[in-house]
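Structure first, commentary second.
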Amino acid sequence: MRISDGPVPKHAQLRLILEQMCDEELSPGDPIPGERALEETYGVSRITVRRAIGDLVAAGKLRRIRGKGTFVAPSPLVSHLHLASFSDEMEAQKVQASSTILLAERAPAPAQVSDFFGTDPGTPHIHLRRLRLGDGEPYAIDDAWYNATLVPDLLDHDVDTSVYTLLEQDYGLGVTEADQTVTAVNAGESDAPLLDVPPGAALLHILRHARSGPHNIELCASVYRTDRYRLNARVGRP
């Protein structure tokens, strides 16, 4: 199949072909054909190939790994603004969720956390910071505090998995509601390498105050890669 001259630019034609290839033939993490193979297969120049690939990298469909090649990017996580754990949202979209523990400790809580949990300033609570992965690729960093007056031995459990499942099954404290605030932030020097983005890259910041019935149970600040996380909401006019 060769790309022909016409009203649609050649790089745009190749971009559509590659996008269809990603959707129908390849899976996240699979490599796409090399630049020379694409040139020969579709009868286009190296410039055309690089422009088509560059467009798909910018759109989040492909990702380049220096010295290795270009690969199909991980599927974006789409949240419909319902109350669900990261693990549950991943499972619903057939993406394998996992975590890397960055920090797990019982420590004096900041004032914002103590106020939310209704405890004296400096009261120790559970601090858990995790890198959240989907199919082995970084999606987000969760920086969460849990109410130690309710779950004092939380860190004795396997917190690599869903903490919300632990809260419900082991403590009878399933999260029933939460207030969330969504803002845009830039990746800092510490978060950028973990998320595999350049410093200053745009991230989605979500601050969640979660409750289990009458109990304030979790305060979590998360940052998400904008190419791997989307918020969808249906709104109506009253």
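Given the structure is predicted, the values throughout are model-derived calculations rather than measurements.
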### Atom pair CG (Leu219) and CZ (Arg208), whose distance is rounded to the nearest 0.5 Å
11.0 Å
### Query
Is it true that a side-chain atom of His125 and a backbone atom of Ala109 form a donor plus acceptor pair closer than 3.5 Å?
no
### Task
Please answer whether the main-chain N or O of Ser27 pairs with a side-chain N or O of Asp30 as donor and acceptor at a distance below 3.5 Å.
yes
### Query
Going by atom types only, do Asp142 and Ser222 share a side-chain donor-acceptor pair under 3.5 Å?
yes
### Query
Are the aromatic rings of His215 and Phe117 close, with centres under 6.0 Å apart?
no
### Query
Hey, what do you get for CG (Leu14) to CG (Leu16), rounding to the nearest 0.5 Å?
9.0 Å
#### Entry: Parallel, tilted or perpendicular: ring planes of Phe116 versus His209, cut at 30 and 60 degrees
perpendicular
### Message
Set out, in order, the CA-CA distance, both residues' side-chain angles and the distance that settles side-chain contact (heavy atoms from CB on, under 4.5 Å) for Ser98 and Asp160, then state yes or no.
### Response
CA-CA 7 Å; Ser98 60; Asp160 284 345; over 6 Å; no
### Message
When you compare the side chain of Ile17 with that of Tyr42, does any pair of heavy atoms fall below 4.5 Å?
### Response
yes
### Query
If two hydrophobic side chains count as joined below 4.5 Å and joins carry through other members, does Leu128 share a cluster with Ile217?
yes
### Task
Go through the steps to decide whether Arg63 and Asp227 satisfy the test salt bridge (charged side-chain N to carboxylate O under 4.0 Å, His left out), and finish with yes or no.
CA-CA 11 Å; Arg63 65 190 299 256; Asp227 60 335; over 6 Å; no
### Message
Are Arg211 and Asp179 packed together at the side-chain level, in the sense that at least one heavy-atom pair is separated by less than 4.5 angstrom?
### Response
yes
### Message
Salt bridge check, Asp191 against Arg129: does any charged N sit closer than 4.0 Å to a carboxylate O?
### Response
yes
### Task
Measure across Val159 and Arg130 and return the closest heavy-atom pair with its distance rounded to 0.1 Å.
O-NH1, 3.0 Å
### Query
Hey, what do you get for CG (Leu103) to CG (Asp143), rounding to the nearest 0.5 Å?
7.5 Å
### Message
Would you say that His157 contacts Thr161 through its side chain, given a criterion of any heavy-atom pair below 4.5 Å between the two side chains?
### Response
no
### Message
Applying a strict under-4.5 Å side-chain criterion to I, L, V, M, F, W and Y, I'd like to know whether Leu203 and Leu207 cluster together.
### Response
no
### For Pro193 against Ser190, the heavy-atom pair lying closest together
CD-O, 3.5 Å
### Message
A side-chain contact here means heavy atoms from C-beta on lying under 4.5 Å apart; do Ile206 and Tyr224 qualify?
### Response
yes
### Query
Any link between Leu150 and Leu155 through a network of hydrophobic side chains (Ile, Leu, Val, Met, Phe, Trp, Tyr) touching at under 4.5 Å?
yes
#### Entry: Least distance between heavy atoms, Glu19 atom then Leu56 atom
N-CD1, 4.1 Å
### Sequence-distant partners of Ser45, side chain to side chain donor-acceptor pair (under 3.5 Å), two or more places apart
Thr48
### Message
Please say yes or no: joined through hydrophobic side-chain contacts below 4.5 Å, possibly via intermediate residues, are Trp145 and Val163 part of one cluster?
### Response
no
### Task
Would you check if there is a donor-acceptor pair between the side chains of Tyr164 and Glu218 at a distance under 3.5 Å?
yes
### Query
Looking at Asp23 and Lys61, does any basic side-chain N land under 4.0 Å from a carboxylate oxygen?
yes
### Query
So, for Thr176 and Gly213, which heavy atoms are closest and what is the spacing to 0.1 Å?
OG1-N, 2.8 Å
### Message
Contact between Glu35 and Arg50 at the side-chain level, heavy atoms closer than 4.5 Å - yes or no?
### Response
yes
#### Entry: Exercise: identify the closest heavy-atom pair between Ala192 and Pro198
CB-C, 4.0 Å
### Task
Dump the intermediate steps for side-chain contact (heavy atoms from CB on, under 4.5 Å) on Val197 and Arg225, then the final yes or no.
CA-CA 8 Å; Val197 297; Arg225 284 184 53 148; 3.8 Å; yes
### Message
Are the side chains of Ser212 and Tyr171 in contact, using a 4.5 Å heavy-atom criterion?
### Response
no
### Query
Is Leu26 reachable from Val49 through a run of I, L, V, M, F, W or Y residues, each pair having side-chain heavy atoms under 4.5 Å apart?
yes
#### Entry: Student check: side-chain heavy atoms of Leu133 and Pro138 closer than 4.5 Å
yes
### Task
Enter the distance from Arg15:CZ to Asp55:CG here, rounded to the nearest 0.5 Å.
5.0 Å
### Query
Rounded to the nearest 0.5 Å, how far apart are OH of Tyr146 and NE2 of His127?
10.0 Å
### Query
If every non-hydrogen atom of Gly122 is compared with every non-hydrogen atom of Ser114, which pair is closest and at what distance?
N-OG, 3.8 Å
### Query
About how many Å separate CG of Leu166 and CG of Leu154, when rounded to the nearest 0.5 Å?
6.5 Å
### Task
Measure the shortest side-chain to side-chain distance between Ile53 and Arg64 over non-hydrogen atoms and say whether it is less than 4.5 angstrom.
yes
### Query
Going through the distances and angles, do Leu194 and Leu102 end up as a side-chain contact (heavy atoms from CB on, under 4.5 Å)?
CA-CA 10 Å; Leu194 294 171; Leu102 304 175; 3.8 Å; yes
### Task
Could you give me the CA-CA distance, side-chain angles and deciding distance for Glu40 and Leu38, then say whether side-chain contact (heavy atoms from CB on, under 4.5 Å) is met?
CA-CA 5 Å; Glu40 295 175 353; Leu38 292 173; over 6 Å; no
